[in-house]
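Each chain gets a letter, A, B and so on, in the order its sequence line appears, and its residues count up from 1.
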Amino acid sequence: MFDRGEALALLQLGDSAFPAGGFAFSWGIEGLAADGLLSDRDDLDRVIADHLAQRWASMDRILLRRAWRAADSDAIAAVDRLAEATTPSAEMREGSRRAGRALLGVWVKLAGRLSVSYRARVSADPRLGHLAVVQAITGRDAGLSLDAAELVSGWTLITGLASAAVRLGLIGHIDSQQSLARARALLADLLADAPDDDAMPSSFTPFIDIAVSRGPLRAVRMFTT
Amino acid sequence: MSRLALTHADAPMTAARVGIGGPVGSGKTALVEQLIPALQARGIDIAVITNDLVTAEDAERVRRSGLIDPERVSAVEAGACPHTVIREDPTLNIEAADELERRFPGVELILLESGGDNLASTFSRDLTDFWMFVIDVAGGDDIPRKRGPGVIRADLLVINKVDLAPHVGVDLARMQREATEVRGGRPVLLTNCRRGEGVDAIVDLLEREVLFRT
């Protein structure tokens, strides 16, 4: 059954205009392009597929689901620390925390109950505030279902990657829509299978991780990651 | 000015946030470099955030200036969207300002320098309590007449590089008069940031209108 209320919430929260700072994160697109590893739509589609299948589905989604099930802020913080411990790249960790803290900050101003409570904890511990964990907290505050929260998480990653590619001049606006459609189908496939509750987060995106990690060494840099 | 209204006993005191926007090359960073010592000389505890467009050059320039503790200078990447990061989605700048306040509890004023932009650039009121727009005479004396939102809506319009006016054929008095007219009489100040001329007038205005020190 089509739930108009939740669909409208998804349109709002999954919109690239939702003010959570997402436009400033390219998650490796800028670095891969600078290193000559991404120059057209086919390349972008492969990078998006890697991001989704090799990182988001096995890492971010697992963390989000664990944080979703967490009974209290102690349990949420444990998932947050797991996110910190399972992200080897310092720049990926930093990017994840910055993106998560930005999203959390918006929901604090929107008076999200869990967000307000968890923000105090994040302010006191620099290791906390990872994006996937915050997406679970804010999804709960928004009254989403877990399915919807996962969808927003995956979709905002996809739109962020495609948008960064457009702003970097790698693809045009029509190519971008074709990439989004292709990625949308992959996201739907991934979401069709629910992971086990005890699944541990893991990822294998070495080119993306290296591209992000090399960010601080680049003289020209427009994106946070 | 809503942030500054939080003066009752239970409310947290937060730093005033002052935006500095304007076109590329108009002298925003030079103004920041002049404002830092001028504000410090009046005993005002400050920090700085820069939004460089493609590098961290402005942030590094301020950090290396020797004018301020480098730890008090934060850089926020704009993702190629200098408008967005100060207006439609200022979240990352707000987080950076909140973080500076956490790290430096006594900070009273945070300067937020936008990346170089165009005349349509404006700051969100959720991000800043006061913002100024910097143009320069070498950009052409017709800039005020174009009535860009930056020129019209800023709390203060700064016309910089006034020393260049005779060299670029600009009638400075007319430019100032037209700027004041299009702004409905709201403040327009003239500076030569290379020599620090006119900067004290800006600090006077910030003390009076932002910090309420008169």
- Item | Side chains of B:Ile46 and B:Ile36 in contact at under 4.5 Å (non-hydrogen atoms) | yes
- Query: Quick one: does A:Ile208's side chain get under 4.5 Å of A:Arg55's, heavy atoms only?
  - Reply: no
- Task: Test salt bridge (Lys or Arg N to Asp or Glu O under 4.0 Å) on A:Arg119 and B:Glu95 and set out the steps.
- Result: CA-CA 12 Å; A:Arg119 176 57 177 261; B:Glu95 286 298 311; 3.4 Å; yes
- Query: Under 6.0 Å from the six-membered ring centre of B:Phe130 and within 45° of its axis: does the NZ or CZ of B:Arg17 meet both?
  - Reply: no
Got a donor-acceptor contact below 3.5 angstrom from the [X] side chain to the [Y] backbone?
| X | Y | answer |
| --- | --- | --- |
| B:Glu207 | B:Arg213 | no |
| A:Asp141 | A:Arg113 | yes |
| A:Arg93 | A:Arg127 | no |
| A:Arg97 | A:Pro126 | yes |
| A:Asp43 | A:Ser39 | yes |

- Test side chain to side chain donor-acceptor pair (under 3.5 Å) applied to A:His130 and A:Glu84, step by step: CA-CA 8 Å; A:His130 284 278; A:Glu84 178 84 3; 2.7 Å; yes
Sort by residue number and list every member of [range] having a non-hydrogen atom under 4.5 Å from chain B.
| range | result |
| --- | --- |
| residues 211-225 of chain A | A:Ala219, A:Val220, A:Arg221, A:Met222, A:Phe223, A:Thr224 |
| residues 173-180 of chain A | none |
| residues 153-170 of chain A | A:Arg167 |

- Message: Under the salt bridge (charged side-chain N to carboxylate O under 4.0 Å, His left out) test against B:Asp155, which residue among B:Arg208, B:Arg183, B:Arg125 passes?
- Response: B:Arg125
- Message: At a 4.5 Å cut-off on heavy atoms, which part of B:Ala96 comes close to chain A: side chain, backbone, both, or neither?
- Response: neither
- Query: Which answer fits B:Ala78, side chain, backbone, both or neither, if we ask what part of it has an atom under 4.5 Å from a heavy atom of chain A?
  - Reply: backbone
- Ion pair check, B:Asp117 and B:Lys28, cut-off under 4.0 Å: no
- Task: Specify which of A:Gly105, A:Ala99, A:Ala24 makes the most heavy-atom pairs with chain B at under 4.5 Å.
- Result: A:Ala24
Show me the donor-acceptor pairs, under 3.5 Å and distance only, between side chains in residues 11-22 of chain A and residues at least two apart or in other chains.
unit_1  : atom_1 : unit_2  : atom_2 : d
A:Asp15 : OD1    : A:Ala17 : N      : 2.9

- Query: Relative to the ring of B:Trp131, is the ring of B:Phe133 parallel (under 30°), tilted (30 to 60°) or perpendicular (over 60°)?
  - Reply: perpendicular
